[in-house]
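To find a chain, count down the sequence lines: A is the first, B the second, and so on, and within it residues start at 1.
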Amino acid sequence: MPELPEVETIRRDLSRLIIGARIVDVIVSLSKFVSPRRLFEQRLVGRRITSLKRYGKLLVFALDGNYALQVHLKMTGQIVLRHKGKVLFGGHPIAGLLEVPNRYTHLTISLSTGDVLYVNDLRQFGYAKLFTTEDSQKIVSRFGIDPLLPSFTFAVFEGLLKKATGRTVKAFLLDQSKMSGLGNIYTDESCFAASIKPTRRAGTLTGAEQKKLYKNIRAILKCAVAKRGTTSSTYERTYTKAGSYTRYLKVYGRAGKPCQRCGRPLSKARVSGRGTVYCFYCQA
DNA sequence: TCTAATACCTGCGGGC
DNA sequence: TGCCCGCAGGTATTAG
Ligand SMILES: [Zn+2]
């Protein structure tokens, strides 16, 4: 589900409402969703939320008392904040399911503001893990560079490519230890924009192709963040404005449909274990 | 050490 | 209608 732009959208929406709030109650409905299972509730209650940060696709709630709560939404996770009778919604949309809590709610956190935070996940791949600040920092430091940071220069990108010459471009872009934040949507979109087949080996890219890929990754992610990401649902009776990047998608979800550049039908293949859409003719 | 395949889950839509 | 299959915005872990 959510990739960098969608997680960043959640982070921005939530930050305004939860920073400074204190956790007054915690309910765990699926014990394997959280860690540590035994002490989770006890350690959280009474903490104040001091910041909300994003590392790639991971959200980190910093808490006073030297704790950090890491929440990953994986494929189908959502975060919903009940605020003054309405809900603020982020992550993977489930059509027609706006009530909270619901059968996919695994974690409920009540705040001193009266708001309630729900973490839902249909496929249960996601997690909420509580660490000390130091342990959390250690985990996050192993992540690849965030492609939206100013420090992610072309030289850095080139260096990463050199260390993965044998891998497909798709596998390389999806590898969160190289860069963190790209997922299946934005990987395919970046490859199309750069006219590179996702099946190409990273080591076969020309200098010009490397540059084009780098530029398009940044441009696409920036645009997607500005558009609040890619979401297909509308959100009535909520505070949430839907993500509108959907209408900019050139290949993702368009297999068999005409390529917007050459008009021929887009191809679909399995690359690096993921459904992959590309134009056989426009992408070299 | 590197790369690829598999496991983890539930639900949906298409084909028979 | 119901059953079976493949597929879904991710990533630890395992296997080669
Ligand atoms: Zn084309």
Side-chain angles (χ1 to χ4, degrees), chain A residues 1-10 29-35 54-59 70-79 89-97 102-106 119-129 139-140 142-144 160-192 198-204 217 220-221 224-225 227-233 242-256 268-277:
Chain A
M1 77 67 6
E3 303 181 28
L4 186 154
E6 293 76 31
V7 178
E8 178 61 17
T9 299
I10 298 171
S29 320
L30 180 70
S31 70
K32 70 161 190 176
F33 195 77
V34 306
S35 151
R54 177 189 59 76
Y55 299 89
K57 305 167 193 168
L58 183 73
L59 281 172
Q70 299 189 345
V71 176
H72 202 304
L73 301 175
K74 294 282 183 83
M75 299 279 266
T76 53
Q78 325 171 303
I79 293 188
F89 199 97
H92 195 273
I94 305 279
L97 230 191
N102 58 49
R103 80 191 108 135
Y104 307 122
T105 302
H106 309 315
V119 185
N120 308 333
D121 189 355
L122 185 152
R123 290 176 74 181
Q124 307 176 10
F125 289 170
Y127 59 77
K129 296 179 181 176
I139 290 164
V140 158
R142 289 195 288 264
F143 282 28
L160 292 173
L161 273 170
K162 277 203 187 88
K163 285 184 279 181
T165 53
R167 308 189 71 187
T168 61
V169 171
K170 174 108 181 184
F172 168 75
L173 295 177
L174 286 173
D175 186 342
Q176 305 294 301
S177 72
K178 303 282 191 297
M179 279 172 290
S180 54
L182 286 176
N184 210 27
I185 297 177
Y186 299 105
T187 295
D188 281 7
E189 293 300 316
S190 299
C191 286
F192 178 79
T199 47
R200 284 270 296 283
R201 299 286 149 177
T204 69
I217 289 167
I220 285 170
L221 287 178
V225 168
K227 301 295 174 195
R228 299 176 52 84
T230 301
T231 43
S232 48
S233 293
S244 58
Y245 194 77
T246 316
R247 65 192 197 83
Y248 295 87
L249 296 176
K250 303 274 192 273
V251 287
Y252 180 82
R254 299 194 65 249
K268 175 125 190 188
R270 190 147 288 266
V271 184
S272 194
R274 311 297 299 276
T276 302
V277 186

Phosphate contact ([N] OP1 or OP2) by [X] side-chain N/O below 4.0 Å:
{"X": "A:Lys268", "N": "C:dG6", "answer": "no"}
{"X": "A:Lys74", "N": "C:dG9", "answer": "no"}
{"X": "A:His72", "N": "C:dT11", "answer": "yes"}
{"X": "A:Arg167", "N": "B:dC2", "answer": "no"}
{"X": "A:Arg103", "N": "B:dG11", "answer": "yes"}
{"X": "A:Lys163", "N": "B:dC2", "answer": "no"}

Problem - Separation between the C1' atoms of C:dT11 and B:dC12, rounded to whole Å - result: 23 Å

Problem - C:dG6 and B:dT6, which share atom name P, separated by this distance in whole Å - result: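 That atom pair is separated by 13 Å.
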
Practice task
Indicate yes or no: does A:Asp188 engage A:Lys170 in a salt bridge with an N to O separation below 4.0 Å.
Solution key: yes

Practice task
Tell me which residues in residues 172-181 of chain A put a heavy atom below 4.0 Å from DNA chain B, sorted by number, or none.
Solution key: none

Practice task
Select base, sugar-phosphate, or nothing to describe what A:Gly275 touches, counting heavy atoms under 4.0 Å on all strands.
Solution key: sugar-phosphate

Practice task
Report which part of the nucleic acid A:Tyr252 touches: base, sugar-phosphate, or nothing (heavy-atom distance under 4.0 Å, all strands).
Solution key: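 A:Tyr252: base contact, heavy atoms under 4.0 Å.
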
Shortest side-chain distance from [X], nucleotide among [options]:
{"X": "A:Gln124", "options": "B:dA4, C:dA8, B:dC9", "result": "B:dC9"}
{"X": "A:Asn184", "options": "C:dA12, C:dG9, C:dA8", "result": "C:dG9"}
{"X": "A:Tyr127", "options": "C:dC7, C:dA12, C:dG10", "result": "C:dA12"}
{"X": "A:Lys32", "options": "C:dG9, B:dT3, B:dC8", "result": "B:dC8"}

Problem - A:Lys129 NZ to A:Phe33 CZ distance, which is reported to the nearest 0.5 Å - result: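 Between atom NZ of A:Lys129 and atom CZ of A:Phe33 there are 10.5 Å.
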
Rounded to the nearest Å, what distance is computed from the [atom1] atom of residue [X] to the [atom2] atom of nucleotide [N]?
{"X": "A:Ile220", "N": "C:dG9", "atom1": "CD1", "atom2": "P", "value": "17 Å"}
{"X": "A:Arg274", "N": "B:dA5", "atom1": "CZ", "atom2": "C1'", "value": "14 Å"}
{"X": "A:Phe33", "N": "C:dG10", "atom1": "CZ", "atom2": "C1'", "value": "13 Å"}

Exercise for the section: Tell me the partner of C:dG9, counting only Watson-Crick (N1-N3 plus N6-O4 or O6-N4) or G-U wobble (N1-O2 and O6-N3) with both under 3.5 Å; none if nothing fits. Expected result: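 Its partner is none (no Watson-Crick or G-U wobble pair with both distances under 3.5 Å).
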
Exercise for the section: Provide the Watson-Crick or G-U wobble partner of B:dC9, both distances under 3.5 Å; none if there is no partner. Expected result: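 Because no pair has both required distances under 3.5 Å, B:dC9 counts as unpaired.
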
Exercise for the section: Output yes if the stacking criterion (under 5.5 Å between centres, under 30° between planes) is met for A:Phe125 over the base of C:dG10, else no. Expected result: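 Stacked: centres under 5.5 Å apart, planes under 30°.
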
Fill in the blank from the handout: Judged by nearest nucleotide, the residue sitting upstream toward the 5' end of DNA chain B, A:Arg123 or A:Arg201, is A:Arg201

Practice task
Indicate, with yes or no, if the rings of A:Tyr245 and A:Tyr186 have centres closer together than 6.0 Å.
Solution key: yes

